[in-house]
Participant: 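The structure that follows is given in the form of structure tokens.
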Amino acid sequence: MEYETLICERNGAVLTVRLNRPGKMNSLSRSLLRDLRDCAETLRTEQAVRAVLLTGSGRGFCAGADLTDPDGAPAAGESLGHWVAARMRNYFHPVAELWSRLPVPLVVAVNGIAAGAGVSLALLGDVTIAARSASFAVLFTPKLGLAPDMGATHLLPGRVGVARARYLALTGRAIGGDEAERIGLIAECVDDSALESRAAGLAAELAAGPTRAQLALRDLIDDGASRTLTEQLEREAVTQQSLADTRDFLEGISAFREKRQARFHGA
């Protein structure tokens with residue numbers, strides 16, 4: 001897997017994907033968005049990969065959309081608004097959809113600034129952790145006069161609640177890794193020197209787990225807020241019926257009875 005703006009390295013069952021535009025703070029150009037889309041689509045057929053770790057090269061994770069990107073401009077007679085919406089639908093939306101629904105668990109390690117759409121990208125992870133020096137800033141509204149996008153208006157309230165989501169989006173106030181953990185924006189904040197090893201350890205732990213159950217858990221949690229309790233209880237029953245017929249469930253039961261570590265295969 002070779003790309004112009006990504007560095008991909010596989011270690012066992014874990015694929016590490018690094019945003020690689022360090023001179024631009026890994027801002028989302030059209031070429032980077034294309035590479036992210038292609039990478040996610042390729043992962044659908046990569047049977048050897050059982051978890052993905054996404055992080056950034058250099059001093060930042062992702063500074064949001066690249067507003068200096070020369071690749072594209074409105075056509076003659078086309079409004080700027082129409083062009084922006086088309087760009088979102090053609091480039092940003094597919095990345096958000098594909099990376100939020102990878103066929104394996106996704107760990108995101110925020111190694112520096114995450115701003116604008118960079119916050120959205122960070123929150124697509126099943127598990128998002130950050131370095132203590134990392135910062136998160138939802139800058140769309142106070143800096144650009146736009147609404148948050150790339151899923152931010154869905155992802156932010158889901159993580160921190162409506163009141164904090166509105167506050168962060170309306171003010172654009174940057175928060176550090178410790179505060180991001182405290183308010184539930186991320187799962188964990190670690191020392192800068194420990195970020196790489198902690199993220200790799202989490203990804204390896206998930207890669208060794210029961211993949212089908214992990215993805216079913218993602219779906220249950222993501223969709224649960226839109227269902228009534230009765231509907232969710234039925235959905236849980238349907239999911240358990242499917243998972244109870246897997247080899248991994250039989251392995252889990254056997255390992256529990258034999259007091260040993262389970263060896264899951266994702267089937």
Side-chain angles (χ1 to χ4, degrees), residues 19 21 24-30 32-34 36-37 40 54-56 60-69 72 74 79-102 106 108-130 134-187 189 218 221-226:
L19 309 178
R21 300 185 74 222
K24 291 284 191 176
M25 298 294 283
N26 300 317
S27 55
L28 295 168
S29 62
R30 187 178 291 194
L32 178 50
L33 289 164
R34 283 195 195 105
L36 282 168
R37 181 174 183 169
L54 178 66
T55 191
F61 173 71
C62 177
D66 186 351
L67 301 180
T68 67
D69 188 2
S79 75
L80 181 58
H82 185 274
W83 179 79
V84 167
R87 187 178 175 89
M88 289 173 60
R89 294 185 179 108
N90 292 333
Y91 295 96
F92 288 86
H93 291 185
V95 168
E97 290 278 2
L98 287 165
W99 281 83
S100 69
R101 285 289 185 266
L102 288 183
L106 172 63
V108 177
V110 180
N111 56 301
I113 186 170
V119 176
S120 304
L121 186 61
L123 299 186
L124 294 175
D126 295 299
V127 178
T128 304
I129 69 172
S135 63
F136 299 81
V138 187
L139 300 174
F140 303 87
T141 301
K143 295 296 184 182
L144 297 174
L146 293 172
D149 61 24
M150 203 175 170
T153 55
H154 172 79
L155 297 164
L156 265 179
R159 295 283 185 110
V160 301
V162 172
R164 281 200 175 103
R166 285 181 176 173
Y167 170 71
L168 292 173
L170 286 169
T171 65
R173 174 175 168 264
I175 62 172
D178 283 315
E179 185 173 357
E181 178 185 17
R182 180 177 62 79
I183 67 174
L185 186 69
I186 62 172
C189 175
R218 174 201 288 168
I221 290 177
D222 285 353
D223 299 336
S226 63

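As the structure is a prediction and not an experimental result, all values here were calculated from the model. Throughout, numbering of the chain's residues begins at 1 and tracks the sequence.
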Participant: Side-chain contact test, heavy atoms from C-beta onward, threshold under 4.5 Å: evaluate it for Leu123 versus Leu185 and give yes or no.
Facilitator: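 Counting from C-beta outward, Leu123 and Leu185 do come under 4.5 Å.
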Participant: Checking the side chain of Ser29 only, and the main-chain atoms of Asp66 only, is there a donor and an acceptor separated by less than 3.5 Å?
Facilitator: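 No; zero donor-acceptor contacts below 3.5 Å.
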Participant: Under 3.5 Å, is there a donor-acceptor pair between the side chain of Ser27 and the main chain of Gly64?
Facilitator: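 The answer is no, because no donor-acceptor pair under 3.5 Å joins these two groups.
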Participant: What heavy-atom pair brings Thr153 and Pro148 nearest, and what distance separates the two atoms?
Facilitator: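 Looking at all heavy atoms of both residues, the shortest contact is CG2-O, 3.6 Å.
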Participant: Which distance, rounded to the nearest 0.5 Å, do you find between the CE of Met150 and the OG of Ser100?
Facilitator: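 That separation rounds to 9.5 Å.
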Participant: Answer yes when Arg101 and Asp222 have at least one side-chain N-carboxylate O distance shorter than 4.0 Å, and no when they do not.
Facilitator: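 Looking at Asp222 together with Arg101, the answer is yes, because their closest N to O distance falls below 4.0 Å.
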Participant: What residues, two or more places apart in sequence or in another chain, satisfy side-chain contact (heavy atoms from CB on, under 4.5 Å) together with Arg164?
Facilitator: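 In terms of side-chain contact (heavy atoms from CB on, under 4.5 Å), with neighbours along the sequence ignored, Arg164 is linked to Val160, Arg182, Ile183.
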Participant: Find out whether Leu144 and Leu139 are in side-chain contact, i.e. whether some heavy atom of one side chain is under 4.5 Å from a heavy atom of the other.
Facilitator: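 A side-chain contact under 4.5 Å is absent here.
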Participant: To check you understand the geometry: which heavy-atom pair defines the closest contact between Thr55 and Ala109, and what is its length?
Facilitator: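 Heavy atoms of Thr55 and Ala109 come nearest at OG1-O, 2.8 Å.
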Participant: Any side-chain heavy atom of Phe136 within less than 4.5 Å of one from Glu179?
Facilitator: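 With C-beta onward as the side chain, the pair stays apart.
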Participant: Looking at CZ of Arg87 and NE2 of His93, how far apart are the two atoms once the value is rounded to the nearest 0.5 Å?
Facilitator: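 Those atoms lie 12.0 Å apart.
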Participant: Got a sec, which residues hit salt bridge (charged side-chain N to carboxylate O under 4.0 Å, His left out) with Arg166, two or more places apart in sequence or on another chain?
Facilitator: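 Scan of Arg166 (salt bridge (charged side-chain N to carboxylate O under 4.0 Å, His left out), adjacent residues dropped) gives none.
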Participant: Please name the pair of heavy atoms, one in Gly56 and one in Asn26, separated by the smallest distance, quoted to 0.1 Å.
Facilitator: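 The answer is CA-ND2, 3.7 Å.
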Participant: So Ile175 and Leu168, do their side chains get closer than 4.5 Å, heavy atoms only?
Facilitator: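 Side chain of Leu168 against side chain of Ile175, heavy atoms only: contact under 4.5 Å found.
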Participant: Can you find a heavy atom in the side chain of Leu170 that is under 4.5 Å from one in the side chain of Pro142?
Facilitator: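 No, every pair of side-chain atoms sits at 4.5 Å or beyond.
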Participant: To the nearest 0.5 Å, what is the distance between CG on Leu36 and CZ on Phe92?
Facilitator: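 So the CG of Leu36 and the CZ of Phe92 are separated by 10.5 Å.
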Participant: Once you round to the nearest 0.5 Å, how far does CZ of Phe61 lie from CG of Leu19?
Facilitator: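 The CG atom of Leu19 is 5.5 Å from CZ of Phe61, to the nearest 0.5 Å.
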Participant: Closest approach of Ala122 and Val110, non-hydrogen atoms and distance?
Facilitator: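 Between these two residues, the closest heavy atoms are CB-CG2, 3.7 Å.
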Participant: In plain terms, say whether Arg21 and Asp69 are close enough for a salt bridge, that is, a side-chain N and a carboxylate O under 4.0 Å apart.
Facilitator: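 So Arg21 does not pair with Asp69 through a salt bridge.
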Participant: When rounded to the nearest 0.5 angstrom, what distance separates CG in Asn90 from CG in Leu33?
Facilitator: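 Nearest 0.5 Å value for the CG-CG distance: 11.0 Å.
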Participant: Can you see which heavy atom on Val127 is nearest to which on Ala187, and at what distance?
Facilitator: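 Taking Val127 first and Ala187 second, the nearest heavy atoms are CG1-CB, 4.1 Å.
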Participant: For a quick test of reading the model, state the closest non-hydrogen atom pair linking Ala137 to Val119 and the distance between them.
Facilitator: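 Scanning both residues completely, I find the closest heavy atoms to be O-CG2, 3.6 Å.
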Participant: Hey, could you give me the OG/CD1 distance between Ser135 and Ile113, rounded to the nearest 0.5 Å?
Facilitator: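 Ser135 OG to Ile113 CD1: 4.5 Å, rounded to 0.5 Å.
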Participant: Does the side chain of Arg159 reach to within under 4.5 Å of the side chain of Thr128, using non-hydrogen atoms?
Facilitator: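 Of all side-chain heavy-atom pairs linking Thr128 with Arg159, at least one is under 4.5 Å.
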Participant: May I ask you to test the Leu54-Leu121 pair for a side-chain heavy-atom distance under 4.5 Å?
Facilitator: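 Result yes, sub-4.5 Å side-chain heavy-atom pair found.
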Participant: Under a 3.5 Å distance rule, please check whether Asp178 uses its side chain to pair with a backbone N or O of Cys189 as donor and acceptor.
Facilitator: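 No: the side chain of Asp178 does not pair with the backbone of Cys189.
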